[in-house]
Amino acid sequence: MTLSHLATEDVFVVERNDADFRAGQGMTKGLGIVFRKFRKALFGKPNSDRADTEGQFNVQYPEERLAMPEAYRNMPILLYDDATGHELCTSCFQCERICPPQVIHITQAKDPATGKPVPAAAKFVLEYDTCMSCGYCAEVCPFDAIKMDHDFELSTANHPELDVDYNRLLRPVSYYETIAPTMWSDVKEQAMKKLQNNIKRRPGDIGRDHGQKIKGGAPVAAAATPAAGAAPAAAAKPRGPVAAIGKNMPEDKTAKLLAIRAANAAKRGGGAADAAPVAQAAPVVEAVADAPAAVSAAPTGPVAAIGQNMSEDKRAKLEAIRAAKRAERGE
Amino acid sequence: MADALTQLGFASWLSVLIASIIKVTLILVGGSVGMMFLTWYERRSISYMQDRRGPNRVGPQGLLQPISEAIKTMTKEDATPRDADKIVHFLAPVVMLGATVLSFAVIPWGRMFPVDLNAAVLFVIATGGLHSIGMMMAGWGSNNKFALLGGMRGVAQLISYEIPQVMAIIPVVLMTGSMSLQKIVEAQNDFAGLGWYVFSPVGLLGFALFFTASLAEGERTPFDIPEADSEIIAGYMTEYSGMKFAVFYLSNYMSNLAVCFITATLYLGGGNGPGVDALGGIAGGLLSLIYFLLKSFALFFVMVLIRATVPRLRVDQLMSFAWKFLLPLVLVNILSASFWVALLRWDQQWPKLTEWFGAPSTADATNWGRLAIAIVLTLLINAGAVALIMRLTNRNVQKHLYTTDEELALGLS
């Protein structure tokens, strides 16, 4: 066969050999291929490599999950230091400025005594419903305070819930460390250094008065003393993270995280030294369940105030006003 | 069953009525449950062929999925088009389902026969032919062009494929000497329950031809032209929704199930298998039922495999396949079946054969010499016919495959 009016190199001719006896071999071959796929999908190993063309491809999602890449980004979260409870955000407005859909809204904290701005945010609202997960905020943040979370199961029937405020945006640094260890280790040193500088400029509880961060005994005491703030963050690390995780996550997730961390610790070869704090952590996690009770049961000094979103001098003022009123009434 | 009831003291008409009602209920329940299982089975197996898992959430391994879907279709709105012929539109699914259920009356469940008709094969074919009426009613009554196209295509296809289907059964009837399905099953009980017709050259070719023609009768891919969803939406079912659609669906899958059952009965020995006779009684009956279902569902697996592999034929390919390929082979198969029967059974006509090869093997002992000659002869005839017709078909295909220079020059391509 020739197609003389066409350039020969443009034509691809499928050669069918006339001499071949064709008695359904092609169809049998096709059936064989399909049957092999059936067999491999039913009995073979699940597909592990994306280059594989056979085997089971499906991941049974709610029960099984693929490991998320570290740089996966869904929605922004804000970080706070486990040891001191100080938020990393300084309300520099870089993220608010760069945000393409303009869903970040920050109010800067003010020193109640002087009225001057303080490197901390008083309010921080993020509209998750309009956020487009571009990650610019995390890129631009000079203090590594805003990061992209891996949690994608955010569907809700309650739309206003998607305007997320500061309390619900906060995650401990240790949580971010579990989802993106290398990314955090790259910036950890400088971020912590900047945080220590900022803590010095924050009077009272400003900068750590959001959410219910500090729970479960020992870390609270460490946070209450001003000296602990200046101490290296790593010192308080082994215990801090565990308590902090419990705050933001359901209990079963916490248990899983603990297990993962135990495995990681074992891998790192730290042996007993690293594994011990994890073992200690178990009762701490249990304590998280009745955390509000624990907080109110230990009303010593500044600790009590933290839970109730009240700074020390504010409380002192309130007491003074009440005393004056009582005096007025002639008691 | 009726006799047992009469002995219990019921009037004879009452006992017949009660026995019939029980039988009908069992058949209907068995058919519907079988159909439900079939939908699940098809979806699961085709999923694995496509590297998926299929429905596995409702119930253990997704076995309750058909029930949830039945509830879904029952609660859906049942819409009738404004300009439809309302009575015909309503009756079409009823006729379809009725035709399917009728064929279940004679299908043996293993060794249990609901009714042993002496012309059961004819009955099955006749009820299968009723499908085309239901299809045409649905296509015409819907007053929709896609439905009408689908109905027309369906009727054309069914009528064309009924001929090779019916004629593919003739060898079985010849070899058995009866049209009763029970007799056909009994005739395949030689060689410790493994004397199935499919192991003889005549039966093998007949099995292949009958199964292929049945695929077309049951509108299975690659012969799903009446409901080709990429061309004419859903064919004659386009205007049906809710319960009526469910009835069509039920009838389709039940007829597929019936095709598998009948193929297993005619060619794969029904409930025969090693050990059935040895067990006997109720245990043997149960074993035969298990054999029968295994064979049927293996056949259905082949149907699914074909569906997952082969694309749909064109209408002209469908017709030429039926008339130029299946029909000649079926005729040749009848010829070789006649030789088979002549060699094994008929010897009053040909006393010389008895002289040379001994008496025919009608009863107990098998005459190996005659059997060997019959196998060789029929194998030669059938293989020769298959080779010849495939060669002819290939040549025809080749002729139309390429365009010659002259045709191109004349603009004929």
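Throughout, a chain's letter reflects where its sequence line sits, starting with A, and its residues are numbered from 1.
Neither the backbone nor the side chain of B:I46 comes within less than 4.5 Å of any heavy atom in chain A. When heavy atoms are compared at a cutoff of 4.5 Å, B:R57 approaches chain A solely by way of its side chain, counted from C-beta outward. For a residue to count as touching a neighbouring chain, one of its non-hydrogen atoms must lie under 4.5 Å from one of that chain's; by this rule B:S47 does not touch chain A.
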With a cut-off of 3.5 Å and sequence neighbours excluded, list every side-chain donor-acceptor pair involving residues 201-214 of chain B.
unit_1	atom_1	unit_2	atom_2	d
B:T212	OG1	B:A208	O	2.5
B:S214	OG	B:Q165	NE2	3.3
B:S214	OG	B:F210	O	2.7

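Between A:K147 and A:E70 there is no salt bridge, since none of the side-chain N atoms of the basic residue sits less than 4.0 Å from a carboxylate O of the acidic one.
When each of B:Y41, B:F292, B:Y291 is paired with B:F297, the ring pair (Phe, Tyr, Trp, His ring centres under 6.0 Å) condition holds for B:Y41 and for no other.
For chain B, the option among A:Q60, A:K37, A:R39 with the highest count of heavy-atom pairs below 4.5 Å is A:Q60.
A side-chain N or O of A:Y175 and one of A:D149 form a donor-acceptor pair less than 3.5 Å apart.
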